[in-house]
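Every chain is numbered from 1 and lettered A, B, ... according to where its sequence line falls, protein lines coming before strand lines.
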Amino acid sequence: MAVLLLWLLAGLVTPSFLTLGQVRNVVQVAAFLGVVSLGQTVALLVGGIDLSVGGVVTLTNILATSLMVGQDSRIAVAVGVSLLAAVAVGSINGLVVALLRVTPLIATLGMNAILFGAALFYTGGAPNGGASPGFAVLGQGHLLGVPASTLCWLATAFVLAVALRRSLFGRWLYATGANPVAAHLMGVPVRAVLVTSYVLSSLLAALGGLLLTSYIGNPSLGIGEEFLLTSIAAAVVGGTALSGGVGGVLGTVGGALFITEANSFTTIAHLATGAQYIAQGAIIAASVLIYSWLSPGGASSSLQP
Amino acid sequence: MSTHDSMLPRRAMLGLGLAATAAAALPLRSARADANVIANATIAASPQMTSGQRFKKSGKLRIGFSNGFSGNTWRTECLASLRQEAANRPDIADLIVVDGQGSITKQVNDIGDLVTQQVDAILCIANSATAVVPALRRATREGIATVPFNLPVEGEDWCAYVGTDPTKKGRMLGTYLRDALNGKGNIVALGGLPGNSYTAACWAGTQETLGSGIKVLAFAPASWQEDKAKIIMADWLTAYPNIDGVWADGGMDSAGAVEAMLAAGRKLVPVTGDDYNGILKLHAKQQASQPDFKIGLVSEPTWESVIALRTALDLLAGKDVPKQQTIVPQLITDANSTTYIKSNLPDGVYVDTTLSDAELAKLFR
């Protein structure tokens, strides 16, 4: 609802915001943040947080471009290695949090630094390579007028939403996030759930990184930084609590769309650079406030994947 | 000018407000690949000099370089040129490179560490124009030759500064864009990191020269990143049906803007930027089918580090050096782009470099 409201409001200020082309722009670009935020939502729901998503996006971008080197025949290798790397990163995050009991904030922040360092080390600061023409379709192509990246995002969100709502794992995830001790007593394999959640988070960050790589085609060492906090913002704007166990995937889809919309709106409206940032921040903060007012009982209105 | 620089200005510097100065080209030093690049460049020296008497050292020299951060290709090439120059100087025993990792505090500590290690000279690309001032002052007082470069440092408590003048660069870009549009049309502008002083000075210089016939539709910071620039430009293309030119102070921004125009099926227009190989390659690829696609690029020499090192070594030899040296950048347009483009090297290469193509290929392996 907030998404539509902002769109309408933006349309009143700058009519071009309501054109089909602009809507298409926003949903295409929102897909990158959207997919990364889906992973962040899983990490938040299980009671953790994943600050390594930025590092995963950067590493994915570097790995994918350097392995693909512009050739369609190498797409499978590039995508495969990127996803495997993400599984490895997520497993380590999960094990450090679940077994060594390191606070998720610190564990994943440390991982984020390690990943950026790894990307720097791997490239020597001079990245080479690029996406192939076939791979570029994913981020730049359209199917029946809808951007391919948007379709990937929505499909992923749908599958994840169903999985969290219908599967046993989904119930375990919410139970663990709400109260890990109680979940353990009920027989939930808390550690396995934690590790799986961090793997999912990393995998989705890598998928977002692949979409972004496809959109831009080039390696860039700074590409993932912005996702670290905006992915959390998207989840929280969408109603997921930082305390775990509360929230859902579909809200995050709206949250990512909302944040991208806000950025896009401030770009188009005639605002000075400083004002653009102030407006973006104010819109996001206001949306969370309004959301908490509208939802009766706040945290108790849980379970809405 | 500004007192609070952005955390991570990629390669920025302030306007120096230099008076018109006599151009002093450096002597040709060797037959290496860099010889022509540097010898053909114009480097303006300030009339004010720093005496080398106090810094004179004998024997093997130890040089420290406090890099504000690493991780973009400009800095990578800059450091590679510095290492190459140092390796070619038998009087240098050690080049100690420390990385501030984008942190203002870490860089201040780094400089302190170099002083403790009693290096003979400190080169520095500052993360903040103000925060490193006390650290450099202390080093200079202890007899260490201090040469900040690329990004300016406030005050005069350092020995010598080497860089370009972003206001003048902005004037070059503005003049180019005005002429390319015959003095009339709508433009959009893409800057670097939000609030950085380099973009501010560059844009100010441009605005002096655009003239009344050019209307600026919008300005936004794209952080010198292709993905950000492409996303912003896509928004603008739907908002503004008539965009006749794109101003950018970085080639990554202009490349992203061109990608967005191509994706939207729009006719390409004149763009500005810097010596990023990616924009040169895009131009070469689209030139034939897009006659209005013109480029006006002003370089930021990646070999500023070499001049900074030579200046430090002059001081350590007891010679007087100019307080400020301003390198006049290269203007790359459709007329001369073929002499700069490196078609067989990655997009990320900055082409105003002392590194040979083979050395660049090895660096971007």
Side-chain angles (χ1 to χ4, degrees), chain A residues 14-26 28-30 32 58 61 65-66 69 113 116-117 119-120 123-130 136 139-142 147 212-213 215-226 260 263-274 276-277, chain B residues 8 10 69-80 99 101-102 188 191 193-195 199-200 216-241 252 255-256 259-260 262-264 278 345-349 360-365:
Chain A
T14 41
S16 71
F17 209 77
L18 295 175
T19 60
L20 187 64
Q22 181 54 25
V23 173
R24 209 181 279 164
N25 269 345
V26 170
Q28 179 179 29
V29 169
F32 318 132
T58 300
N61 169 256
T65 48
S66 71
V69 286
F116 178 72
L120 200 57
T123 59
N128 191 1
Q140 303 183 31
H142 292 81
L212 184 59
T213 301
Y215 178 72
I216 197 62
N218 265 338
S220 166
L221 284 162
I223 203 162
E225 273 165 43
E226 61 181 297
T260 310
N263 290 349
S264 176
F265 168 56
T266 49
T267 301
I268 290 180
H270 287 265
L271 293 177
T273 302
Q276 289 177 18
Y277 281 82
Chain B
L8 292 175
R10 184 187 55 166
F69 70 97
S70 51
N72 70 51
T73 53
W74 191 91
R75 291 281 172 115
T76 304
E77 287 179 49
C78 177
L79 182 57
D99 191 325
Q101 297 175 357
V188 289
L193 284 161
T199 295
V216 181
L217 297 173
F219 180 100
S223 303
W224 294 305
Q225 283 191 18
E226 260 184 90
D227 56 321
K228 288 214 172 69
K230 185 176 176 183
I231 289 169
I232 291 168
M233 188 67 186
D235 282 340
W236 282 341
L237 287 171
T238 58
Y240 305 111
M252 290 208 184
E259 292 281 1
L262 288 171
L345 287 168
D347 287 4
V349 171
L360 285 168
K362 208 173 147 205
L363 197 62
F364 289 76
R365 68 197 181 282

Residue selection (most heavy-atom pairs with chain A, distance under 4.5 Å) from B:Leu363, B:Ile232, B:Asp227: B:Asp227

Quick check against the 3.5 Å criterion: does B:Thr199 have a side-chain atom that pairs as donor or acceptor with the backbone of B:Gly191? no

Under 4.5 Å from a heavy atom of chain B, the part of A:Leu120 involved: side chain

B:Leu217, part contacting chain A, at a heavy-atom distance under 4.5 Å: backbone

Does any heavy atom of chain B fall under 4.5 Å from the side chain of A:Leu212, the backbone, both, or neither of them? side chain

Proximity breakdown for B:Ala263 and chain A, heavy-atom pairs closer than 4.5 Å: neither

Taking the side chain as every heavy atom from C-beta outward, state whether A:Thr58 and A:Glu225 have any pair of such atoms under 4.5 Å apart. no

Checking A:Thr123 against chain B: side chain, backbone, both or neither under 4.5 Å from a heavy atom? backbone

With A:Ser220 via side-chain hydrogen bond (donor to acceptor under 3.5 Å, both in side chains) - residues at least two apart: none

Which portion of B:Asp347 sits near chain A, non-hydrogen atoms under 4.5 angstrom: side chain

side-chain hydrogen bond (donor to acceptor under 3.5 Å, both in side chains) involving A:Asn128 - partner list, sequence neighbours excluded: none

Side chain, backbone, both or neither of A:Gln28 within contact of chain B (heavy atoms, under 4.5 Å): neither

Give, as side chain, backbone, both or neither, the part of A:Tyr277 having an atom under 4.5 angstrom from any heavy atom of chain B. side chain

When you look at A:Ile268 and A:Gln22, which way does the side-chain contact (heavy atoms from CB on, under 4.5 Å) test go after all the steps? CA-CA 10 Å; A:Ile268 290 180; A:Gln22 181 54 25; 3.8 Å; yes

d(A:Phe32 CZ, A:Ile223 CD1) to nearest 0.5 Å is 9.0 Å

Between A:Ile216, A:Thr266, A:Val29, which residue shows the highest count of heavy-atom pairs closer than 4.5 Å to chain B? A:Ile216

Part of A:Gln140 lying under 4.5 Å from any heavy atom of chain B: side chain

List the steps, then state whether side-chain contact (heavy atoms from CB on, under 4.5 Å) holds for B:Phe364 with B:Thr73. CA-CA 9 Å; B:Phe364 289 76; B:Thr73 53; 3.6 Å; yes

Look up atom CG in A:Leu221 and atom OG1 in B:Thr76, then write down how far apart they are to the nearest 0.5 Å. 7.5 Å

Greatest number of non-hydrogen atom pairs under 4.5 angstrom with chain B, of A:Pro219, A:Ala126, A:Gly129, A:Gly21, falls to A:Ala126

Measure the spacing between CZ of A:Arg24 and NE2 of A:His142 and express it to the nearest 0.5 Å. 5.0 Å

Proximity breakdown for B:Glu226 and chain A, heavy-atom pairs closer than 4.5 Å: both

